[in-house]
Amino acid sequence: MYAFLVIFGQSVSTLLGRLYYDKGGKSVWVATLAQLAGFPILIPCYCLAPPKSSSKNGQIQQPSALILALVYFCFGICLAAYSLMYSIGLLNLPVSIFSLICTSQLAFNALFSFFLHSQKFTPFIINSLVLLTISSTLLILQTDSASHILVSKGKYATGFLCTIGASAGYGLMLSLTQLSFKKLLKGETHAKVFEMVICQSVVATSAAIVGLVTSGEWRSLSIEMAEFELGKFSYAMTLIETAIASQFFVVGAIGLIFEVSSLFSNAISVLGLPVIPILAVIFFHDKMDAIKAIAMILAIWGFVSYVYQCYLENKGAKSEYRGGSEVSKSPLLEEVS
């Protein structure tokens with residue numbers, strides 16, 4: 001379920017974000033706010049989720065409310081920052097290039113996991129990181145005029161750097177979230193997933209509102225809505241649907257961290273990214289040239305390499321478990337004999 005939420009939420013929110021810009025939207029703060037403000041739909045899920053998984057939780061010392069508030073505040077500011085950078089990147093780049101650059105988030109996440117979680121760099125993981133790095137680097141060489149019709153080279157470079165920065169921020173956020181589950185939120189259940197998403201979204205939404213007001217972009221919102229090519233109703237629905245899809249993605253991503261790891265969560269996210277360029281060709285008529293095609297193939301190859309490493313680790317863990325079970329049973333067998 002969490003994997004489906006990641007892939008579905010990411011694809012839909014990215015395409016709707018591009019639709020907002022293509023049909024007349026101009027405010028990066030509104031686009032950022034749309035990614036963050038959908039958290040109220042999660043409140044019923046949080047209220048209905050069981051607070052504890054077992055009686056063992058009572059024996060685990062829980063962090064104080066002050067520490068949790070500080071953690072959620074820092075996560076919220078980080079969420080607002082990389083969401084803004086994603087909005088700037090999507091404004092200045094074709095959606096196909098934007099999504100392919102986002103695959104670099106797996107490389108950043110693996111790097112942060114190496115320092116924060118002692119993640120081992122096996123040959124398959126190194127191969128995955130190299131392929132994803134090459135995939136993103138190829139897009140720097142994208143000089144096709146069709147990709148620069150609507151933006152200058154300066155804005156294209158700004159979009160590229162902001163998307164890379166957002167991918168790095170997202171990778172760091174995932175690693176820190178896993179660290180918080182490991183060190184602070186031990187023994188917690190799915191209720192904590194919703195609590196974390198809601199609390200950090202409240203902070204991030206507040207930061208985005210402050211940015212919208214201080215930037216002065218709020219003054220032109222009525223004009224932007226009136227000039228939106230699909231009409232005022234479609235303008236509102238585009239932002240609302242973006243907010244809902246974004247929350248699906250965030251819940252799925254944090255849920256996968258809770259269940260497995262930050263690297264696995266990011267790998268599922270990267271799995272969905274190559275789908276977006278194909279949808280962009282269909283809905284936004286992006287051009288799929290040779291460089292984009294090669295970058296997409298390398299991104300998929302890098303993902304498959306990482307998944308195969310996960311398969312080997314899972315297989316090895318099962319073998320160790322079976323071996324341990326046999327060893328534990330041998331004294332009993334000796335006693336019976």
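Quick note: numbers below take in every heavy atom, side chains included, and nothing from hydrogens, waters or symmetry partners. From a predicted model like this one, the values you see are computed outputs, not experimental measurements.
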For the backbone of L90 and the side chain of R18, can you confirm whether one donor and one acceptor N or O come within less than 3.5 Å of each other? yes
Do any N or O atoms from the side chain of S13 and from the backbone of Q10 form a donor-acceptor pair under 3.5 angstrom? yes
F108 and I164: CA distance, side-chain angles, deciding distance, side chain to side chain contact (heavy atoms under 4.5 Å, CB included) verdict: CA-CA 10 Å; F108 286 114; I164 287 290; 4.0 Å; yes
What's the spacing between Q105 CD and L172 CG if we round to 0.5 Å? 12.5 Å
Search all heavy atoms of L33 against all heavy atoms of A208 and return the closest pair with its distance. CD1-CB, 3.8 Å
Could you grab the distance from atom OG1 of T14 to atom CG of L19, nearest 0.5 Å is fine? 12.5 Å
Distance-only, no hydrogens or angles: does the S305 side chain make a donor-acceptor pair with backbone N or O of W301 under 3.5 Å? no
For G89 against C162, the heavy-atom pair lying closest together: N-CB, 4.2 Å
Could you state the interatomic distance from CD1 (I88) to OG1 (T158), rounded to the nearest 0.5 Å? 8.5 Å
Are L298 and V130 joined in one hydrophobic group, where the rule is that I, L, V, M, F, W and Y side chains link up if heavy atoms are under 4.5 Å apart? yes
For F8 and F248, take the angle between the two ring planes, folded into 0 to 90°, and tell me which bin it lands in: parallel under 30, tilted 30 to 60, perpendicular over 60. tilted
Heavy-atom closest pair, residues A253 and Y170: CB-OH, 3.6 Å
Check: C102 and Y86 side chains under 4.5 Å, non-hydrogen atoms: yes
Quick one: side chain to side chain donor-acceptor pair (under 3.5 Å) pairs with a partner in residues 218-238, sequence neighbours left out? Y20-E224, E224-Y235
Going from CE on M196 to OG on S180, what distance comes out if it is rounded to the nearest 0.5 angstrom? 3.5 Å
Is there a donor-acceptor pair closer than 3.5 Å between any side-chain N or O of S104 and the backbone N or O of I101? yes
For the residue pair A204 and L79, what are the closest heavy atoms and their distance? CB-CD2, 3.8 Å
Would I77 and F75 show up in the same hydrophobic cluster when neighbours are defined by side-chain heavy atoms closer than 4.5 Å? no
Derivation of the side chain to side chain contact (heavy atoms under 4.5 Å, CB included) call for V197 and Q247: CA-CA 8 Å; V197 174; Q247 291 306 306; 3.5 Å; yes
Quick one: are W29 and I209 in side-chain contact, heavy atoms under 4.5 Å? no
Any donor-acceptor N/O pair, S83 side chain to A80 backbone, under 3.5 Å: no
Point-to-point distance, once rounded to the nearest 0.5 Å, from CG of D22 to CG of L230: 10.0 Å
Would a single hydrophobic cluster contain both F114 and L116, if residues Ile, Leu, Val, Met, Phe, Trp and Tyr are joined by side-chain heavy-atom contacts under 4.5 Å? yes
Taking all heavy atoms of F112 and all of S175, pick out the closest pair and write down the distance. CB-OG, 3.4 Å
To the nearest 0.5 Å, how far apart are CG in L239 and CG in L16? 9.5 Å
Look at the side chain of K183 and the backbone N and O of F181, then say whether any donor-acceptor pair between them is shorter than 3.5 Å. no
Validation row: K192, L68 side chains within 4.5 angstrom (heavy atoms): yes
With a 4.5 Å limit on heavy-atom distance, are the side chains of V250 and Q200 in contact? yes
Pairwise side-chain contact, Y21 with V28, heavy-atom cut-off 4.5 Å (strictly under): yes
Find out whether F194 and V251 are in side-chain contact, i.e. whether some heavy atom of one side chain is under 4.5 Å from a heavy atom of the other. yes
Using side-chain heavy atoms (C-beta onward) and a distance below 4.5 Å, is Y156 in contact with L93? yes
Just do the side chain to side chain contact (heavy atoms under 4.5 Å, CB included) check on M85 and Y82 with the steps written out, would you? CA-CA 5 Å; M85 287 190 284; Y82 75 68; 4.2 Å; yes
Mark yes when over 12 heavy atoms from residues, nucleotides or ligands other than F73 sit less than 6.0 Å from its CZ; otherwise mark no. no
With hydrophobic residues grouped by side-chain heavy-atom distances under 4.5 Å, do I254 and V203 end up in a single group? no
Do T177 and M173 make a side-chain contact, defined as non-hydrogen atoms from C-beta onward lying under 4.5 Å apart? yes
Scanning both residues in full, the closest heavy-atom pair of I41 with P44 reads O-CD, 3.5 Å
If Ile, Leu, Val, Met, Phe, Trp and Tyr residues are connected whenever their side-chain heavy atoms lie under 4.5 Å apart, and connections chain through other members, are I223 and L212 in the same group? no
